[in-house]
Undergrad: 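First the structure, which I've put down as C-alpha cells, then a few questions once you've had a look.
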Amino acid sequence: MSARTDAPTRFPYLRQDVAASLVVFLVALPLCVGVAVASGVPAELGLVTGIVGGLVTGLLPGSSLQVSGPAAGLTVLVFGAVDAYGLPALGVIVLATGLVQLALGALRLGRWFRAISLAVVEGMLAGIGLVLIAGQLYAAAGQQAPASGVDKITGLPGAALDAAGSTAALTSLALGAGTVAVLVLWKRLPGPARAVPGALAAVALATAATSLLGLSVATVEVSGLLAAVQPPGADAFGELASPAALGTIAAFALIASAESLFSAAAVDRLHTGPRTEYDKELVAQGAGNTVCGLLGALPMTAVIVRSSANVAAGARTKASRVLHGVWLLLFAALMPSVLALIPLPALAGLLIHAGWKLIPFRGLAVLWRGHRGEALILVVTAVSIVAVNMFEGVLIGLALSVAKTAWQTSHLRLDVVDKGAGPVQAHLSGNATFLRLPKLLESLEALPPDRPVELDLSGLHHLDHACRTALENWAERHGASGTATVKVTEPAGAG
C-alpha cells in the first residue's frame, strides 16, 4: 500500500519527464553523430559523449533542465586537436579539460565565467560558425577541406568550380542543400508535423532519399560502440608536455565552461524552476568531461538547442536529461547499423545550419546601433579566430574587452577656473590612470607658466602611481619655470 502511495510522491513528474526525454533524444541523436563526423572522429564517439552527458552530468546538481553533449561550438577546436596530436591524445586533452573544470568549480570560480564579455562569447561563436560553415561546404560536396580557417574560406571559389564539373559532387551538394532547406522550412509546417524535431526529420528524409533513389554519396562509417571507445594509453599523456597542447587544454576549458554557463543563464530564463548553481554546474561539466576523456570521447558542453527543447517539451526535473542518455545508450547498443545508412552530405547540411545559427546577425546589428565598441570586439574576435586559431582569437577578444573597459572606466575631468588674477584653479575628478595621462599632461602644460596653480585632487576616486609621478614632475617643472608655484590638495583618503 505504501509503495503505491509513495511512487507518485517520489516521482511526481515522471510522465512529463519521460515524454521530454524522448524529444531530447530525437534532437540529440543526429547532432551527436554530425558533430562527431565533423570533428574527424568515429560517429560513435559523439553518442558516447551524449550518453555521458545524460548519465553522468545529468545526475549531478547544478542546472536541473539543461542538457549536455557534444556541441558544434567545439567542432573546429576538436578537429584541429585531432589533426595535430592524433585521436589517442584527444582523450588526454578532454580528461585534462575535465580536471581543470573540476578544480575551477571546487574553487568556486564558476560565477566568474559570467563576467566574460558577451561580445567576446558571441564573437567566439561567430568565428566558430564561419569556419564550421566553410569546412562543411567542402564535406557537402564530398571534398577534403583545407586545414586553416582562411584557406577554407579562400578556397571555396575553386572548390565550387571543381564541384560544378562533377556529377557526384553536384548530387552530394543537392542532398546537403535539401537537408538545410528542410531544417529552415520545418518550423513553418503545421503543429502536428513540428512534433518531430527538424534535425531528425531532415536527416531521416535525406537517408530515405539516398536509399530509395540509389544516390552514390558517402555515408557514415560504423565500427561499433566498443570498438570506437579507446581509453588513452600511457604514450598519449606525453602530449601534455607540449606548450601547444597546454594551450589547447586551456582553450577547451575556457570555451566549454563559458558556453555551458552562458547556456545555463539562457535556460534559466525559459522556466520558473530552480535556478542554476554555477559552481556546481561547472563541477558537473568537469565530471562529464573527465569521464569522456577516460573513454577517449569528444568533449561536452551544455547545449542550448537540446536544453531549450527539453524545457519546451515540458520537462520538470533532471530525470528527463538522464533518460535521454539512457535512450542514446540503448540506440548505440542495439541499432548501431542504422548509422551506416546516414549520408555524410546530410550531416554536413545539419552542421552548416548549426554554424549559421552561431553567427549573431541580429545581435550584431543591435550592438552596432547602441554599443559600437562591443560590436567591434565581436567582429575582431570572430575574424581573429578565422585568421589565426581558436585560442589566440579568444585571447585577442578578451584583451580588447579588458582594454575597452579600462578606457571607459578611467573617466577623468579637468576643470580650470582662471579669474584673470591670482592663482589658476585646476580641479581633477574621476579616475586618473595612465590611459588618460597624455591628454592630462597636455592640458596642464597649457596653463600659464607665469601664474601659480592650485591643483585640487580631492575629486579623484583613484590616482594610480603613473599619474601621481607625472603630476609631481609637472609641478616641479612648473615651479622651476619662474616664480609660480603649484599647491596640491590631495585626494580624499590619501595617506
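Every value quoted in this text rests on a predicted model; they were computed, and no experiment measured them. All residue numbers refer to positions in the sequence shown, counting from 1.
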Undergrad: I need the minimum non-hydrogen distance between Gly123 and Thr381, along with the two atoms involved.
TA: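 Smallest heavy-atom distance, with atoms named: C-CG2, 3.8 Å.
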Undergrad: Would you mind reporting whether Val203 and Val33 have side-chain heavy atoms less than 4.5 Å apart?
TA: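 A side-chain contact under 4.5 Å is absent here.
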Undergrad: What distance separates Asp162 CG from Tyr138 OH, expressed to the nearest 0.5 Å?
TA: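 Answer rounded to 0.5 Å: 9.5 Å.
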Undergrad: Got a list of side-chain donor-acceptor pairs under 3.5 Å for residues 323-330, not counting sequence neighbours?
TA:
{"from": "His324", "atom 1": "ND1", "to": "Arg321", "atom 2": "O", "distance (Å)": "2.7"}
{"from": "Trp327", "atom 1": "NE1", "to": "Ser21", "atom 2": "OG", "distance (Å)": "2.9"}

Undergrad: Side chains of Ser263 and Gln66: do they bring a donor and an acceptor to under 3.5 Å?
TA: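 Note: Ser263 and Gln66 side chains meet the donor-acceptor criterion.
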Undergrad: Rounded to the nearest 0.5 Å, how far apart are CG of Leu376 and CG of Leu400?
TA: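 If I round to the nearest 0.5 Å, the distance is 7.0 Å.
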Undergrad: Does a side-chain heavy-atom distance below 4.5 Å link Ile396 with Val380?
TA: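 Ile396 vs Val380: side chains touch.
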Undergrad: Side chains of Val82 and Ser39: does their closest heavy-atom pair fall under 4.5 Å?
TA: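 No, side chains not in contact.
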Undergrad: As a test of understanding, state which of Ser63, Pro299, Ser68 forms a side chain to side chain contact (heavy atoms under 4.5 Å, CB included) with Gln285.
TA: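 Of Ser63, Pro299, Ser68, side chain to side chain contact (heavy atoms under 4.5 Å, CB included) with Gln285 is met by Ser68 alone.
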Undergrad: Give, for atom CZ of Phe331 and atom CG of Leu225, the distance between the pair rounded to the nearest 0.5 Å.
TA: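 Spacing of CZ (Phe331) from CG (Leu225) equals 11.0 Å.
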Undergrad: Say you draw a straight line from OG1 of Thr317 to CG of Asp17; how long is it, rounded to the nearest 0.5 Å?
TA: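 Result: 3.5 Å between the selected atoms.
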Undergrad: Could you list the donor-acceptor pairs under 3.5 angstrom formed between side-chain atoms of residues 88-103 and any protein atom two or more places apart in sequence or on another chain?
TA:
{"from": "Thr97", "atom 1": "OG1", "to": "Ile93", "atom 2": "O", "distance (Å)": "2.8"}
{"from": "Gln101", "atom 1": "OE1", "to": "Asn289", "atom 2": "ND2", "distance (Å)": "2.8"}
{"from": "Gln101", "atom 1": "NE2", "to": "Ser257", "atom 2": "OG", "distance (Å)": "3.0"}

Undergrad: Got Lys280 and Leu60 here, is their nearest side-chain heavy-atom distance under 4.5 Å?
TA: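 Answer no - side chains too far apart.
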Undergrad: For residues 172-192, tabulate all N or O donor-acceptor pairs below 3.5 Å that involve a side-chain atom, not counting sequence neighbours.
TA:
{"from": "Ser172", "atom 1": "OG", "to": "Ala140", "atom 2": "O", "distance (Å)": "2.5"}
{"from": "Thr179", "atom 1": "OG1", "to": "Leu175", "atom 2": "O", "distance (Å)": "2.9"}
{"from": "Trp186", "atom 1": "NE1", "to": "Val196", "atom 2": "O", "distance (Å)": "2.8"}

Undergrad: Please output the side-chain donor-acceptor pairs of residues 333-362 that fall under 3.5 Å, not counting sequence neighbours, one pair per line with the distance.
TA:
none

Undergrad: If you count the non-hydrogen atoms of other residues, nucleotides and ligands that lie under 6.0 Å from CG in Leu170, is the total more than 12?
TA: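 Buried by this count: over 12 neighbours within 6.0 Å.
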Undergrad: Heavy atoms only: give me the nearest Gly397-Val120 pair and the separation to one decimal.
TA: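 Taking every non-hydrogen atom into account, O-CG2, 3.4 Å.
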Undergrad: Output yes when a side-chain donor or acceptor of Lys318 lies under 3.5 Å from a complementary backbone atom of Gly58, and no otherwise.
TA: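 No; zero donor-acceptor contacts below 3.5 Å.
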Undergrad: Taking all atoms of both residues into account, what is the closest heavy-atom pair of Cys32 and Arg306, and its distance?
TA: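 So the two residues come closest at SG-NH1, 4.0 Å.
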Undergrad: Search all heavy atoms of Ala72 against all heavy atoms of Leu132 and return the closest pair with its distance.
TA: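 Minimum heavy-atom separation between Ala72 and Leu132: CB-CD2, 4.0 Å.
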Undergrad: Decide yes or no for Glu259 and Leu125: does some side-chain heavy atom of the first lie under 4.5 Å from some side-chain heavy atom of the second?
TA: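 Side chain of Glu259 against side chain of Leu125, heavy atoms only: contact under 4.5 Å found.
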Undergrad: Give every residue pair that meets the salt bridge (charged side-chain N to carboxylate O under 4.0 Å, His left out) criterion with at least one member in residues 381-404, sequence neighbours excluded.
TA: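 Matches after skipping sequence neighbours: Glu374-Lys404.
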Undergrad: For Ala264 and Tyr278, work out which heavy atoms get closest and say how close.
TA: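 Taking Ala264 first and Tyr278 second, the nearest heavy atoms are CB-CE2, 4.2 Å.
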Undergrad: Would you indicate whether the side-chain heavy atoms of Asp279 and Val283 approach each other to under 4.5 Å?
TA: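 Not touching, per the 4.5 Å side-chain cut-off.
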Undergrad: If you look only at distance, which donor and acceptor atoms sit under 3.5 Å apart when one is on a side chain in residues 40-53 and the other is two or more places apart or in another chain?
TA:
{"from": "Glu44", "atom 1": "OE2", "to": "Ser223", "atom 2": "N", "distance (Å)": "2.9"}
{"from": "Glu44", "atom 1": "OE2", "to": "Gly224", "atom 2": "N", "distance (Å)": "3.0"}
{"from": "Thr49", "atom 1": "OG1", "to": "Leu45", "atom 2": "O", "distance (Å)": "3.2"}
{"from": "Thr49", "atom 1": "OG1", "to": "Leu298", "atom 2": "N", "distance (Å)": "3.1"}
{"from": "Thr49", "atom 1": "OG1", "to": "Leu298", "atom 2": "O", "distance (Å)": "2.8"}

Undergrad: Verify, without hydrogens or angle tests, whether Asn310 (side chain) and Val24 (backbone) share a donor-acceptor contact under 3.5 angstrom.
TA: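 No: the side chain of Asn310 does not pair with the backbone of Val24.
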Undergrad: Heavy-atom count around Arg108 CZ within 6.0 Å, excluding the residue itself: above 12?
TA: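 No, the 6.0 Å shell around CZ holds no more than 12 heavy atoms from other groups.
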Undergrad: Out of curiosity, Leu14 CG to Arg316 CZ, how far, rounded to the nearest 0.5 Å?
TA: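 If we round to the nearest 0.5 Å, Leu14:CG and Arg316:CZ are 13.0 Å apart.
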Undergrad: Within a strict 4.5 Å, meaning less than it, do heavy atoms of the Pro231 and Leu294 side chains meet?
TA: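 Heavy-atom side-chain distance check fails, nothing below 4.5 Å.
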Undergrad: Please tell me if the side chains of Val267 and Thr276 come closer than 4.5 Å, counting only heavy atoms from C-beta onward.
TA: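 Not in contact.
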Undergrad: Grab the two heavy atoms, one from Ala141 and one from Ala163, that are nearest each other, plus how far apart they are.
TA: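 Taking Ala141 first and Ala163 second, the nearest heavy atoms are CB-CB, 4.5 Å.
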Undergrad: CD1 of Ile255 to OG of Ser260: how many Å apart, nearest 0.5 Å?
TA: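 Answer rounded to 0.5 Å: 11.5 Å.
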Undergrad: Would Val291 and Leu55 satisfy side chain to side chain contact (heavy atoms under 4.5 Å, CB included), going step by step from the backbone distance to the final call?
TA: CA-CA 11 Å; Val291 174; Leu55 300 184; over 6 Å; no
